[in-house]
Amino acid sequence: MFVPQGCGQQGLDLSQQRLAISGTLGAYFAGLLERDHIYVDLAGQVDAPAPPSLAHLPPLERMAWALNHPRGPRALVIAAEGGMGKSTLAAQLLRCLLAQHDFDWLLGDSAKQARVDVASGTVYPLQPGFWSVDSCFAHLRSQLGLPPGNSSSTRDIADRLIGRRTVIVIDNMESIAARDELLRRLGPLLGRDVRAVITTRTVAGLRTFTQRAMVVHLQPIVGADELGEFLRWHVEQYSSIQPFMRSTAEQAMSSAQQVELLARTGGIPLLIQLVYTTVARLSWSYLEALPRLYGSELLDFLYAERWQELAAAGPAGTCAQELLFAVAKAQVQGVRVNARHLQEWAAHGHTLALLPAAIDLLSERFLLINSDRDAGDFSLFPSLVAFVLAAQQE
Amino acid sequence: MAPDATDWEALAALMDRLAEPGVGPSGVAAEEWQPLAQALDSFVAAQNWAEIVHLRLLLVPLFGRDSVTGLPLLRRIDDCALEAAGRLGRHADLGHFWGARGHNLHRQGFHKDALAAFQSSVRHYTEAGEPEPALRSYYMQALCRRALGDAAGALEIVETVLAQTPQEDAWRGNPLQVRAWLQRDAGDLAGAEISLKNALALQAATADPDILVAGTLADLGEVISLQRRGAEAVACFEDSLAGIRRHRGQYNRQEARTLLKYAEHLLRDRRLDEAKTLLDAADDLIRAHGEYYDLMWRLEAAYSRIYLQRGQFAPALSKLRSTLRYRRLLQLPMRHRLRLLRKRLGLP
């Protein structure tokens with residue numbers, strides 16, 4: 001096999017790079033790089049084109065081949081709507097490439113959804129498209145030990161990259177204004193030794209670039225087998241914090257339930273996780289009561305529904321809402337939230353006694369992910385970060 | 001997490017954590033800095049100058065080591081502390097803060113600004129009636145003058161300082177080290193070796209010798225390497241790295257400096273692949289947080305030399321261009337620039 005089985009399943013030790021990566025790619029992406037077993041390979045989910053000679057390879061291997069081959073595409077674009085797992089797939093690929101020492105450097109930027117004034121802690125939501133090309137390249141320069149530059153030339157970056165196999169990650173490119181300008185400046189940097197991995201919700205308007213790139217689309221889960229495999233992975237990953245899922249998982253889903261779950265969620269992995277968690281907590285009748293919304297509308301509905309549940313859950317629920325905001329704010333700042341951070345936060349707000357209950361409320365609603373049972377490593381899905389910050393502004 | 005205005009215990013604990021060997025400021029996430037930022041903001045808003053000075057004094061270990069001095073937050077704290085100490089008329093603190101700023105500017109390669117900072121430091125220490133730290137800030141001006149091509153001015157300062165420092169004072173090792181650099185610059189390698197060995201003997205007797213000794217060992221290795229005694233040179237470099245790595249994460253710039261000198265030794269032996277491996281390691285240590293442009297141009301020059309010796313002229317030219325870009329930023333004098341550059345590239 002070109003890529004060993006299980007490649008990328010082990011998390012990376014970011015070590016001395018943690019501050020740099022969390023500050024530019026964000027705490028969520030940095031967490032994806034560090035956690036074990038973030039990804040489950042489902043048949044038909046990843047649509048990665050390949051020449052006939054490589055069609056037999058699994059999608060992840062095709063992508064790795066593309067980025068490694070001297071004449072392979074200089075950029076890999078992962079396109080899908082929110083909740084499909086673009087960042088997860090990108091992180092899995094990068095983990096594999098870095099673990100195999102196929103690349104030396106990981107640089108990049110993640111377009112932010114909000115800006116936090118570090119001194120005052122005030123959060124300013126950003127309009128889509130705010131994150132600029134100049135700020136993206138400023139981040140790249142700072143990661144390379146270059147002084148801030150104010151010209152559109154990237155010759156200084158190119159000279160620094162000589163001799164180092166580098167992958168440049170642009171996460172959430174749809175949030176960047178003037179994407180054409182970004183790609184125009186990025187293009188000359190790419191070559192045999194420097195490749196780009198870009199995640200985006202849409203490739204519309206990028207035809208010229210994508211003709212030279214490998215475009216990978218994520219497909220919704222449509223089959224019962226794939227759904228079952230995905231849910232088994234979900235239960236395995238999260239049952240330690242959501243033990244009620246085990247009893248639901250032990251009862252085989254009926255065909256009707258499988259069909260209904262896929263139909264209501266559109267097969268979007270994050271929506272499946274949110275809905276299944278609630279079904280496990282309440283009952284399958286929850287599924288029938290879901291409004292007929294799809295995609296991002298359903299996602300917003302599910303988040304709003306949980307937000308209202310928290311509001312009605314007394315002091316622990318209020319604490320949980322405030323905790324969500326604190327974690328969302330930290331995530332936007334590029335920080336990781338561990339157990340000590342939460343305890344200090346709760347102590348400062350005199351809610352230490354409510355903290356365990358608040359965390360339980362959030363965990364059982366699949367709103368707070370903890371990837372480290374010992375030291376704690378808490379994060380929110382990026383879409384939830386946007387929802388929480390918007391809710392706090394109202 | 002916003003600490004109370006008087007939650008100094010939490011801030012001190014934070015500083016201890018950031019100063020842990022094996023962790024280092026680069027190894028923690030951005031959240032760890034938040035309490036510092038919020039404390040500063042509250043003190044500034046309240047115009048609590050004494051607390052600002054107190055906060056800056058808490059950060060002495062971070063400013064004294066060299067792994068993240070490019071962080072905007074640390075620069076902001078330093079700026080506010082200078083203003084606060086000025087308002088309070090605390091000349092001793094001003095002498096200290098200007099001296100520390102000079103050290104960091106010098107490490108980054110902004111030697112003219114560093115020189116001005118050390119001159120301010122001397123003035124304030126003198127005003128505060130503290131001759132010994134004033135002498136040390138005066139001594140640091142020698143490093144800046146040498147970097148700017150003023151060897152005669154640097155030597156005058158070094159000899160003046162040595163004349164005022166008792167023979168038995170362990171700190172004497174520092175000006176001896178700079179004398180060694182000047183001797184090496186002038187081609188007196190044997191004299192430089194003697195000066196460095198004398199410096200080592202004194203520095204080893206200080207209370208916390210690891211980093212001082214590591215820096216001098218790297219210089220000694222370089223001088224011995226230039227005299228073509230390879231095995232001895234390698235021993236010096238390895239001992240230097242061992243000393244620095246006992247404080248892993250805290251002295252990234254020093255570690256990169258030793259790796260660079262080690263790589264240059266290997267280049268002299270045309271062991272190009274091994275040299276590149278060390279340069280890559282040095283690059284990874286310093287590129288992200290310190291803005292150590294003075295070291296960056298030396299790294300790029302070494303890379304250029306590797307590519308030149310491999311016959312890869314396009315990448316050699318790219319790295320030369322990168323070298324010159326950094327040197328233009330640092331406003332290094334042209335004649336001095338070219339002389340040092342020729343030396344770094346191994347050209348006659």
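Atoms considered below: every heavy atom in the structure, side chains included; atoms not considered: hydrogens, waters and symmetry mates. The chains referred to below are lettered A, B, ... by the order of the sequence lines, with proteins before strands, and numbering in each begins at 1.
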Quiz prompt | Distance (rounded to the nearest 0.5 Å) between B:Met296 CE and A:Leu144 CG | solution = 8.0 Å
Provide the closest heavy-atom pair for [X] versus [Y] in the form atom of the first, atom of the second, distance.
X: B:Arg325; Y: A:Asp156; value: NH1-CA, 3.3 Å
X: B:Tyr326; Y: A:Gly145; value: OH-O, 2.7 Å
X: A:Leu107; Y: B:Arg287; value: CD2-NH1, 3.6 Å

Quiz item: Just wondering, are more than 12 heavy atoms of other shown residues or ligands nearer than 6.0 Å to CZ in B:Arg321?
Solution: yes
Quiz item: Has A:Arg192 got more than 12 heavy atoms of other residues, nucleotides or ligands less than 6.0 Å from its CZ?
Solution: no
Quiz prompt | Heavy-atom contact with chain A under 4.5 Å, split by part of B:Asp283 | solution = side chain
Practice problem: Examine whether an atom of B:Leu40 lies under 4.5 Å from a heavy atom of chain A, and if so say whether it belongs to the side chain, the backbone or both; otherwise answer neither. | Solution: neither
Quiz prompt | Residue pair A:Arg164 / B:Asp284, side-chain heavy-atom distance below 4.5 Å | solution = yes
Quiz item: Would you say B:Ser322 and A:Arg160 make side-chain contact, with heavy atoms under 4.5 Å?
Solution: yes
Practice problem: State plainly whether the residues A:Asp159 and B:Lys319 are in salt-bridge range, i.e. N to O under 4.0 Å. | Solution: no
